[in-house]
Amino acid sequence: MALIFMILKTDKSLIFFTFVFCKYNKSHTKIIPMSKGLTKRADDYSQWYNELVLKTGLAEHSDVRGCMVIKPYGFAIWELMKEELDKRFKETGHVNAYFPLFIPKSYLSKEAAHVEGFAKECAVVTHYRLKTAPDGKSVVVDPEAKLEEELIIRPTSETIIWNTYRNWIQSYRDLPLLINQWANVVRWEIRTRLFLRTAEFLWQEGHTAHSSNTEAIEEAERMLDVYAEFAEKFMAMPVIKGLKSVNERFAGAVETYCIEALMQDGKALQAGTSHFLGQNFAKAFDVKFADKEGNEEYVWATSWGVSTRLMGALIMTHSDDEGLVLPPKLAPFQCVIIPFFFKDEEINSKLMAKAKEIANELRQAGIRVQIDDDDTKRPGFKFAEYELKGYPTRIVIGPRDLENGTVEIARRDTKEKSSFSNENLSETISTMLADIEKELRNRALKYREENTSVVESFEEFKQVLEQKGGFLVANWDGSAETEEKIKEETGATIRCIPLEDNLPSGPCIYTGKEAKHKVVFARAY
RNA sequence: AGGGGUGUAGCGCAGUCCGGUAGCGCACCUGGUUUGGGACCAGGGGGUCGCAGGUUCGAAUCCUGUCACCCCUACCA
């Protein structure tokens with residue numbers, strides 16, 4: 001295999017084109033050439049991410065500041081996530097409901113820490129009507145239509161939901177109340193990034209009410225497990241389950257649980273959170289129940305959520321310099337069939353017939369498959385396109401394959417392609433999809449292991465953070481001051497206190513005092 | 001929120017310093033030739049130069065304001 005690099009100098013940047021000439025090796029597997037046009041991760045990770053999201057048609061910026069348009073391909077992935085998560089919520093006894101987008105301003109301030117946490121990023125509705133402007137062309141806010149009480153567009157729904165739960169809960173018999181909602185929320189962010197941070201985003205928020213402390217904690221932990229299992233089984237993304245430090249805790253929570261994932265640039269991403277809310281919201285909204293003995297007691301609460309941010313996590317966990325790499329369970333199409341058309345109409349119709357036959361076989365086996373019969377684009381173009389979009393597998397069938405009873409199958413994760421018999425393709429593809437998923441999971445796990453460093457001193461901490469990044473496991477004295485100082489000096493924060501294996505193995509790396517926990521530090525999104 | 005940068009055709013950009021009929025590549029349309037990894041040739045269509053004011057005989061270009069996006073810090077899921 002020969003590599004030729006061409007470097008073109010333009011005014012502002014260097015553009016690298018890479019051509020890879022392919023030959024069959026002994027196993028008749030060849031390596032797919034690299035795509036062109038996409039910024040390489042090593043050159044500029046942020047730019048790579050932005051270009052990838054735009055070029056693959058996952059999402060784009062709308063004209064509304066900070067708000068994105070999730071395009072059909074991106075939304076298809078989100079729908080697959082939703083479908084699976086929803087199934088898992090139902091399996092753990094939850095039901096869906098829907099609460100208002102608007103929250104009376106006064107509700108938000110009933111829980112002190114909560115309002116403190118969200119006040120700075122709330123969108124506020126002040127009027128309910130427009131009228132034609134004096135110029136007769138534009139419209140203006142009608143000053144006479146001012147709301148008595150302003151409405152906040154929900155940044156999260158604890159307040160409106162707990163205000164509602166007050167009417168729903170009287171006795172222990174009404175508990176537990178296990179409700180989830182799929183919704184949009186708005187947090188007026190200054191700096192935005194597609195999927196990772198937008199002013200409006202989609203999510204699910206579970207809000208549960210319980211008759212005891214322990215039951216609520218169990219619920220918070222149960223839902224954290226649901227998230228962790230979803231991340232690992234469905235997204236092929238390894239996560240660390242842990243507790244947030246006081247600084248990072250959700251506004252209004254007694255304890256915040258989280259799953260933390262490591263992205264390919266060495267930064268951490270919080271992929272999901274689950275909160276034990278204690279009786280904070282019950283007290284703020286006066287939600288009491290009568291226990292079996294007839295005593296009145298405040299209700300215990302949890303809330304938990306994952307958002308479209310998972311899309312960002314998915315992209316940054318698996319994708320490469322050629323584009324998106326989707327784990328099969330989240331690929332809108334797991335296989336694309338491309339008939340290699342020539343000028344001969346008769347051969348083309350045979351190719352098409354075979355492609356349909358194969359597609360039917362795969363569909364019967366439950367594989368999501370698409371045929372690309374567009375004859376205005378050449379196959380090479382399509383190959384590059386589907387690689388960019390991260391289709392896990394691709395079947396190409398040409399005249400030669402018809403004669404030989406074969407197809408060519410390419411897999412996205414390893415970029416290999418080889419010839420296979422066209423018999424029993426559903427099994428071939430199913431096996432390959434399972435293998436791809438395993439490969440992606442192993443690869444991501446290996447990356448995390450290689451980029452998790454146990455550090456013994458603050459010097460080592462700074463050095464590893466600077467040179468390598470990733471997760472840094474270190475002993476911490478448990479104080480918010482120490483955490484804050486480390487953050488100021490290095491930019492790294494405590495991602496979590498792991499649920500497993502958090503016993504300190506020595507003194508605090510910063511203060512040298514007795515350590516309380518062994519925690520995971522990282523720079524984070 | 002602070003610092004830096006960018007807005008010109010669907011996408012990527014040149015033109016802006018030094019004002020004078022808006023250009024290039026890709027994409028698109030038509031015709032032809034091609035075809036096992038992003039085809040080639042010929043012809044064609046498309047832009048109130050982010051938006052709003054101002055200066056000027058004349059503004060993509062100069063001035064003022066404003067909006068959006070990107071990068072680095074700060075904040076969050």
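In what follows, every chain begins at residue 1, and chains take the letters A, B, ... in the order their sequences are listed. Keep in mind that the numbers below use all heavy atoms, side chains included, and drop hydrogens, waters and symmetry copies.
No side-chain donor-acceptor contact under 3.5 Å links A:Ser421 to the backbone of A:Thr406. No donor-acceptor pair under 3.5 Å is formed between the side chain of A:Asp413 and the backbone N or O of A:Pro392. For the pair A:Arg495 (side chain) and A:Gln270 (backbone), a donor-acceptor distance under 3.5 Å is absent.
Within 4.0 Å of A:Gly66, counting heavy atoms only, lie sugar-phosphate atoms of the nucleic acid but no base atom. Within the 4.0 angstrom heavy-atom criterion, base atoms lie near A:Leu196. Looking at heavy-atom distances under 4.0 Å, A:Ser307 makes contact with a base. Residue contacts shown for A:Tyr525 include a base, since a base heavy atom lies under 4.0 Å away. Nucleic acid contact for A:Thr198: base, since at least one base atom lies under 4.0 Å from a heavy atom of the residue. Among the heavy atoms of the strands lying under 4.0 Å from A:Lys343 is at least one base atom, whether or not backbone atoms are also near. When heavy atoms are screened at a 4.0 angstrom cut-off, A:Glu385 is found touching base atoms of the nucleic acid.
Here the separation of B:G3 from B:A74, taken at their C1' atoms, is 12 Å to the nearest Å. Rounded to the nearest Å, the gap between the P atom of B:A27 and that of B:C11 is 15 Å. For the C1' atoms, the distance linking B:A42 with B:G58 amounts to 38 Å, nearest Å. With both ends at atom C1', the span from B:G47 to B:C28 equals 15 Å, rounded to whole Å. Comparing the P positions of B:C51 and B:U61 gives an interatomic distance of 11 Å, to the nearest angstrom. When the P atom is used for both B:G37 and B:U33, the distance is 22 Å, rounded to whole Å. Nucleotides B:C26 and B:C41 are separated by 9 Å at their P atoms, to the nearest Å. Taking the P atoms as reference points, B:A60 lies 23 Å from B:G45, given to the whole Å.
Nucleotides of RNA chain B nearest to A:Thr192 and A:Gly491 differ in position, and the one nearer the 5' end is that of A:Thr192. Looking at which nucleotide of RNA chain B each of A:Phe342 and A:Gln47 is closest to, the 5′-most match is held by A:Phe342.
With rounding to whole Å, A:Glu51 atom CD is found 14 Å from B:C13 atom C1'. Rounded to whole Å, atom P of B:G36 lies 18 Å from atom OH of A:Tyr386. Rounded to whole angstrom, the span from the CG atom of A:Asp374 across to the C1' atom of B:C28 amounts to 14 Å. Atom CD1 of A:Ile347 and atom P of B:U35 are 13 Å apart (whole Å). Spacing between atom CG of A:Leu38 and atom P of B:G38 amounts to 19 Å, rounded to whole angstrom units. Note: CG (A:Asn247) to C1' (B:C76) measures 13 Å, nearest angstrom. Atom-to-atom, CD1 of A:Ile397 to P of B:G37 comes out at 16 Å; the value is rounded to the nearest Å. Between the CG atom of A:Leu194 and the C1' atom of B:C69 there is a distance of 10 Å, rounded to whole Å.
Look at A:Lys487 and you won't find any side-chain N or O under 4.0 angstrom from OP1 or OP2 of B:A74. Contact annotation: A:Asn50 does not reach the phosphate of B:C69 (side-chain N/O to OP1 or OP2, under 4.0 Å). Here A:Arg378 does not reach the OP1 or OP2 of B:U35: none of its side-chain N or O atoms lies under 4.0 Å away.
You'll find that the side chain of A:Glu408 is closest to B:G36, out of B:G36, B:C72, B:C75. Nearest nucleotide to the side chain of A:Phe383, out of B:G37, B:G36, B:C69: B:G37. Ranking B:C76, B:G36, B:G38 by closeness to the A:Phe381 side chain, first place goes to B:G38.
Look at B:G25: its Watson-Crick or wobble partner, with both distances under 3.5 angstrom, is B:C11. The partner of B:A39, taking Watson-Crick or G-U wobble pairs whose two distances both stay under 3.5 Å, is B:U33. When both distances must be under 3.5 Å, the Watson-Crick or G-U wobble mate of B:G19 does not exist. Partner assigned to B:U64 is B:A52, using Watson-Crick or G-U wobble distances below 3.5 angstrom.
If you check distances only, the side chain of A:Arg187 never reaches the base of B:C76 with a donor-acceptor pair under 3.5 Å. A donor and an acceptor atom never sit less than 3.5 Å apart when one is taken from the side chain of A:Glu387 and the other from the base of B:G38.
Listed by chain and number, the residues in a side-chain hydrogen bond (donor to acceptor under 3.5 Å, both in side chains) with A:Trp188 amount to none (sequence neighbours excluded).
The side-chain tip of A:Arg394 points at the ring of A:Phe383 from less than 6.0 angstrom away and within 45° of straight on. Cation-pi geometry between A:Lys389 and A:Tyr386 is not met at under 6.0 angstrom from the ring centre and within 45 degrees of the axis.
Salt bridge A:Lys40/A:Asp321: absent, no basic N to carboxylate O contact under 4.0 Å. Residues A:Arg412 and A:Glu387 are not paired through a salt bridge, judged by the lack of any N-O separation under 4.0 Å between the basic side chain and the carboxylate.
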